[in-house]
Structures are given as structure tokens and as C-alpha cells.
Protein chains: 2
Amino acid sequence: MRQNPTLKKIAEKLNVSISTVSRALKDHPDISSETKKKINELAELIEYDPNPYAINLRTHSSKEFAVVVPSLSNFFYHSFISAIEEDARDYGYSVIIYRSSNDPKIEQQILKSCRHKRVSGIFIAITSETTDIAPFLKLDIHGIPVIFFDKVPQYESCNKICVGDEHAASIAAEEILKKGFRNVLGIFGDKNMSITQARLQKFMEVMRNGNPEIDLKTVHARSSEEAEQLTLSLIPDYLEKKFAIFCMSDEILAGTMKAIQRKRLKPPHDLGLIGISDGMIPSLFYPEITYAETSGYNLGKLAYSRMMRCISGSSFAQTIIDQSKLVMGGSI
Amino acid sequence: MRQNPTLKKIAEKLNVSISTVSRALKDHPDISSETKKKINELAELIEYDPNPYAINLRTHSSKEFAVVVPSLSNFFYHSFISAIEEDARDYGYSVIIYRSSNDPKIEQQILKSCRHKRVSGIFIAITSETTDIAPFLKLDIHGIPVIFFDKVPQYESCNKICVGDEHAASIAAEEILKKGFRNVLGIFGDKNMSITQARLQKFMEVMRNGNPEIDLKTVHARSSEEAEQLTLSLIPDYLEKKFAIFCMSDEILAGTMKAIQRKRLKPPHDLGLIGISDGMIPSLFYPEITYAETSGYNLGKLAYSRMMRCISGSSFAQTIIDQSKLVMGGSI
DNA sequence: AATGTTACCGCAAACGTTTGCGGTAATAAT
DNA sequence: ATTATTACCGCAAACGTTTGCGGTAACATT
């Protein structure tokens, strides 16, 4: 277990001062090109790498971003993180990923750790139980920008990047109308989630406006299993009127699909099916499920550029909405 | 953007020395309980939190583990990470997650970053193209233990924690035999992957020994789509003999299931289906798919205890295999 | 009264950087 | 020949901790 090379070691070997080595390594104009050459060569040779702890202690900049998500087993977050990482790499930042397990306590711990580590910025999808956003604002005071994404707080003046819930719900609804369904079941998530309210409200609005005579029923499920049960009990025995189901999320869709398979029904013939998704789950079935896309990747790109703006100082709180688009499967 | 509280600030306010504050905060016996009380109260009040960079600079210990995986959109890795995090939290370690995107270049960068940050240890599932393991051994020299899991190198003398590929393949094969299938299709992954070889070899061995007259066919697919195509073309038109399909992985299973849905076949009646999986994908279908479980969670627990052993110094390279168990769905 | 113990506490160096400032020698301008 | 300019380079402080060592006062022991 040998020691890591330091500026000091290089300085001693070359009979120059530590400051000279430090400056040479970052191409400071005060140092002659001759000296620079010597120093760089030796540094290369002994594989010198600056100690990030010392740098941070001195400069208070960590050059790393934190991404905090409730869960990792989620294609949406995964593609969000990919997008962030792509951009961060280009700017010389690294990104560390935290997982809150949807537990506000753990979330707080993570936040604390981010503060201690003086991360350069935080991207966070808050837990569904997060109510107190004071700690987040506090981070901003400490000079650490916070970008909320996907799951964002109600609070107005903070940076939020969200999927276009209303838009996604409306294009799904429009597709249902376009295909001429008269009997529609909408399955939504937990009533208390803001995402549910947004999607539900818009979905109903578009439906009602599009066709006042439609037979529309909406229900709420808090889990995949509940969605399965609801679907099972709410699919009419005789599908005389053209019947369609809208699933607000992947979780709901998974449950509903299980029920559909159980009843041995085949979209799009027996019934129409459409959801809102990032695309992973819909692609597992045949025919693939048609869905309004919520792209984690897009969101990531948007979030990153927002972050850069914050870091450069020229920022005011802003909410950005990513519009979604219809991805055609064969389920409706 | 106000400054963070430091030992110095506390010391000044209380007219004691920095060393006294430092010691008081860690309950050093040299400090009177009276002084300790004062200091702790003030520290609490102004929310003092030690600067991890300063600590690391001084002590060279980071109290954090790195977990490096090729991908995050993977239930298996997700549960592995959960297990590590659970244990790490108890021991006062935090864990940071890195994603190599299955790119050896990025993997190298991550390794480098881990070295710079002097992480306390690394858990890594290497990329499928990683050939040079010298950098890993070098980390060990630097005093950073490396535990390989899931995707591990061939090299003998390192710490490896793997799923029991042979065992999983054999219990799946036994289940097929037990249910009396005479016509079996085994779909495996890329021929070059060691995991494929292990599972294939054992699967065939058990099959042949169990029933020499069985009609067994094995194929290889490098993607989900390929698995779908293969399944489509290899399912007999007339399923007179009892027919079963074995899918080596989730990826394969996803493709195969699409083909099965496409052909409107229903397990377990039309054909038997069994896989090796962590359990996420199998639960999406009805009936749920029966599978030999490879538990990321178990692996994580094993890996962590191995890590602790390494850190305490009492370690020699060792390979640990986690045996799998059959999880009953209704597909066979 | 001199010495030994004990209980507290502070000094100062060290970890590896960065950076403002000042210094020296060589060269250019007066 | 003096002064200004330039090109290089080093000193030293600072970032926030930890920790060995030494010091002082109070008390207990001879």
C-alpha cells in the first residue's frame, strides 16, 4: 500500500517549488514551457492525480452532481440519469446517484450528505411523502442549486422540470376518441398524488369535450395488484360497445395487463388499451401497447441545461414542462 | 450563501481551543463533562457538521463504498444495491453508485475516480468487454478492497460473489423433467459469455441424464428481438408432444413471451415455460412465469460481509456462490 | 514541604492543494 | 547608467480537521 504521488513529491524530485508544479500542471502562463514540460512528463510517469479532498478543502468546489431518486428499478429514472451523465461528462463533472427508497428520512440524510460534500448541484425527484421543502431551499442558500424533476413539490418558486402530465393525458384521450370508443375505463393512481390529479382532470376534460355521450368511468388504484383487481371486475362481460382502457402509469398498466391476459382478451380486437409510459413495459407485450411517451432522457437534457444556468448565476426559479408524444403500438 | 459552521467557530464562541471542541464532539475522556455539554449544545444549535473533505485529508478514510454496475435498469442490480445500502448504513458507511454503461472506458474512469476519492471499497460487476483486470489488482495494492459480483473476471485470486449459474440451470431443468416434457427448447444468450456457457452446459447435462430420449434443442440469441424471432420459428405448429421452453435470462424471456403472445399460446396449457430471473419480468404476466431465482439481494448481503472481512484485514481471495431456488408461477 | 497523580485543556504540525503577493534576474527603454 | 518592463518562480497562508505531546492547576501521597 504505497502512498499516492503529490505535488510535493514532484517538486522535490525536480527541485522546484510546490506552487510551480501546481501552476505548471494547469498550464499557468507564469511558468516557462521548458519547466512545464519537465513537470508534466514526471507527473505522467508517476501517474500523479490530484487529491480531490485537498482541492475541495481549498476551493470548495466538488465538480460533482447528485441525482436523488426514490427508486432505481425504473426505466424512466434510468434514462434521466443517462442524459445527465452524458452532459456532465462533457463538462468535467461526475455524477453520483442516490436512492431515497421513497423514504423522507433517508432523503433527508442524503440531502445532508450532499451539503457536507458540497456537491455542485442536486437533481431530485422527491418522495411521495415529502412535505417539508425548507431543507431544499436551505441548500440553495448554501449555494447548491436544486433542480426538481418528475416528482416536484407544489411550492412555486423553485426549479422544476416535469413531464407534461396534462399533455400526455390529452393526447391519450384524443387517440381514444379518434378510434371511436364509446365505453371507456380510466385507471388512475393514488388520489392524493398531484400527478394523478393533473392527468385525471385533463383526461376527463378532453373526453367530455370530445364526446359528451361517452360512457366514461374512472377509478383509482394504489398498486399494481389493485389495478389488476379493478380491471378484472370492471371489464364488461359482453363487449358489445367498443371498449377501451386508459392506464395512467406503468404500475397501473402492469396490473391491467395481467387482468387482460387472465381474461384471455386480445387488444386491439377485444378492447383498446393505451397508457402513459416511458416505453419499457409497453414493449414487453404483443401487440406492443400504444402510449403517450414521458421521456426521462428529454427531461434529463432539459434539467441539465437548467442546472448550468443556475450555476452560472443567471437564474430565476422556473418550471419547464416537457411535452409528450404518442408512440404507436398495436393495442388500440 | 453563508459559511458552514466549523470547529473554529465553536471554539471561538466558547473560548476554548479547537482541539477541545474536536475532542468533546467525539466524547474523548480528556474533556470534562461540563465542557462537553456546552460544546455539544452549541454544535447542535448551529447545526455543526464536520467537513468530510477535511477529515479525509487528515485521516485518509472516506467511509464510503462504491458500487459499479453496467446498467441500472435492472432489477437484479437494484436489489443488490439495496442490500448493500442496508448494511452500509448500519456501519456508518454511505454508498455511491456508478454506472459503466457496459463500456470499459467509462469503467476505467470510474475506477480512477474511486482511487482518487479513496473510497473504502468497491463492489463491481464488470462490463462484458473488460479484459484487463490489472487496474483492479492495483486498487488492492492501494488498500482498496475490490469485490466482484455477478459479472466476474476469470482470474482466480480475487474476491468473487456469483449467482449459482449451474445450480439455477439444473433446478430449472429438473422442473422440466419432473413435469414430463418430452420436447424442449432452450434459449440461451451470447455464446461467448461465460454465464451462457455455465448455464448451457449444466442444463444439457441434467436434461440428458434425466431423460436420454428427450427431444432437446438449444439456440442462442443476442437480444430480445432475436429471442422473439427464434421462438416464433421454432415453436412446432402442432404441439402434440408436451413442449417446454427454457429461457436463460430476463432478456430472452421478454422476447420469448412476445412470440408466445403473438402466437396466442397460453402457458401452461399450450406449452410449458420456465426461466432464470430475479422475479420482476416473470411477475408481469398471467400466469406468472415459473423461474429459478437469482437474488440480487442475497448476493448483496454476501458481498457486504465479504467486504467487511477484507477491510478488517483478515481476508484471502475467495469465490462465493449463491445457490438459487425455484419460484413457482403457473407457466409450467 | 516536597513529590506524585490526576483531570483538563491548548499548541502546533500535518494532510495536499491553491493563489496573492513579492522577489530576482534578464532584457528593454530612457 | 539608471529605471521600467518582462518572464519566471517561490513564500506562506489558508481550507477544516485530527492527534501527539506538553502544560497547568488541584488534589493526594509521602
Side-chain angles (χ1 to χ4, degrees), chain A residues 1-40 42-43 46-64 92 113 115-120 142-143, chain B residues 1-40 42-43 46-64 92 113 115-118 142-143:
Chain A
M1 168 156 171
R2 63 155 230 274
Q3 269 291 76
N4 277 319
T6 68
L7 290 183
K8 195 162 151 195
K9 285 219 194 87
I10 300 184
E12 279 167 1
K13 278 220 214 314
L14 258 34
N15 271 326
V16 292
S17 78
I18 297 181
S19 2
T20 302
V21 180
S22 173
R23 284 193 254 257
L25 255 18
K26 39 175 51 76
D27 206 25
H28 191 287
D30 261 13
I31 309 299
S32 73
S33 48
E34 193 185 3
T35 315
K36 274 181 193 164
K37 187 149 168 287
K38 271 194 333 193
I39 293 179
N40 278 299
L42 181 56
I46 66 174
E47 297 186 35
Y48 168 77
D49 270 309
N51 182 324
Y53 294 95
I55 294 179
N56 182 284
L57 189 58
R58 188 50 230 260
T59 65
H60 295 131
S61 88
S62 67
K63 293 291 259 178
E64 58 186 16
S113 154
R115 188 153 49 85
H116 298 175
K117 298 180 77 165
R118 277 85 173 158
V119 297
S120 305
H142 280 254
Chain B
M1 167 153 171
R2 61 155 233 273
Q3 269 290 74
N4 274 319
T6 69
L7 290 184
K8 196 162 151 193
K9 285 220 195 83
I10 300 184
E12 279 167 1
K13 276 218 216 311
L14 258 36
N15 272 325
V16 293
S17 76
I18 297 181
S19 3
T20 301
V21 180
S22 173
R23 283 194 255 257
L25 255 18
K26 40 174 52 76
D27 207 25
H28 192 285
D30 260 12
I31 309 298
S32 74
S33 48
E34 194 185 2
T35 314
K36 274 180 193 164
K37 188 150 167 287
K38 270 195 332 196
I39 293 179
N40 277 297
L42 181 56
I46 65 175
E47 297 185 34
Y48 167 77
D49 270 311
N51 181 324
Y53 295 95
I55 294 180
N56 182 283
L57 188 59
R58 188 49 231 260
T59 65
H60 294 131
S61 89
S62 69
K63 293 291 259 176
E64 57 184 18
S113 154
R115 188 153 49 84
H116 298 176
K117 298 180 76 165
R118 279 83 174 160
H142 280 253

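Convention: sequence-line order gives letters A, B, ...; per-chain numbering from 1. Computed over heavy atoms, backbone and side chain alike; hydrogens, waters and symmetry mates excluded.
For DNA chain D, the neighbouring residues in residues 48-56 of chain B, judged by any heavy atom under 4.0 Å, are Y48(B), D49(B), P50(B), N51(B), A54(B), I55(B). Within residues 12-22 of chain B, the residues having any heavy atom closer than 4.0 Å to DNA chain C are, in order of number, N15(B), V16(B), S17(B), S19(B), T20(B).
Taking atom NZ on K117(A) and atom C1' on dC15(D), their separation rounds to 18 Å, with Å as the unit. For the pair H28(A) NE2 and dC21(C) C1', the computed distance is 12 Å after rounding to whole Å. Rounded to an integer number of Å, the gap from K63(A) NZ to dT17(C) P is 18 Å. Between the CG atom of L57(A) and the P atom of dC15(C) there is a distance of 14 Å, given to the nearest Å. Taking atom CZ of R23(B) as the reference point, atom P of dC9(C) lies 11 Å away to the nearest angstrom. As a whole-Å value, the separation of K8(A) NZ from dG10(D) C1' is 16 Å. Here dG16(C) presents its C1' atom at 14 Å from NE2 of H116(B), a figure rounded to the nearest Å. Rounding to whole angstrom units, NE2 of residue H60(A) and C1' of dT19(C) are separated by 14 Å.
The side chain to side chain contact (heavy atoms under 4.5 Å, CB included) search around I10(A) returns L14(A), V21(A), I39(A), L42(A), A43(A), I46(A), Y48(A), not counting sequence neighbours. Every residue meeting the side chain to side chain contact (heavy atoms under 4.5 Å, CB included) condition with N56(A), not counting sequence neighbours, appears here in chain and number order: S62(A), R118(A), Y53(B). Applying the side-chain hydrogen bond (donor to acceptor under 3.5 Å, both in side chains) criterion to S17(A), with sequence neighbours excluded, gives S19(A), T20(A). The salt bridge (Lys or Arg N to Asp or Glu O under 4.0 Å) check on K8(A) picks up nothing, with sequence neighbours excluded. Under the rule for a side chain to side chain contact (heavy atoms under 4.5 Å, CB included), the partners of K37(B) that lie at least two apart in sequence or sit in another chain are E41(B). With sequence neighbours excluded, no residue forms a side-chain hydrogen bond (donor to acceptor under 3.5 Å, both in side chains) with K38(B). With sequence neighbours left out, N15(A) forms a side-chain hydrogen bond (donor to acceptor under 3.5 Å, both in side chains) with no residue at all.
Among pairs with a residue in residues 11-24 of chain A, none fulfils salt bridge (Lys or Arg N to Asp or Glu O under 4.0 Å), at least two apart in sequence or across chains.
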Between the protein and nucleotides 5-7 of chain D, which nitrogen or oxygen pairs are less than 3.5 angstrom apart?
none

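Judged by distance alone, the side chain of S22(A) and the main-chain N or O of I18(A) form no donor-acceptor pair under 3.5 Å.
In terms of polar N and O atoms assigned as donor or acceptor, the side chain of R118(B) never comes within less than 3.5 Å of the base of dG16(C) in a complementary pairing.
Contact annotation: the side chain of D49(B) never approaches that of N4(B) to less than 4.5 Å [non-hydrogen atoms, C-beta and beyond].
The side chain of T59(B) contributes no N or O atom lying less than 4.0 Å from OP1 or OP2 of dC15(C).
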Review item, side-chain donor-acceptor pairs of residues 25-33 of chain A, under 3.5 Å, at least two apart:
from	atom 1	to	atom 2	distance (Å)
D27(A)	OD1	K36(A)	NZ	3.1
H28(A)	ND1	D30(A)	N	3.0
S32(A)	OG	T35(A)	N	3.2
S32(A)	OG	T35(A)	OG1	2.6

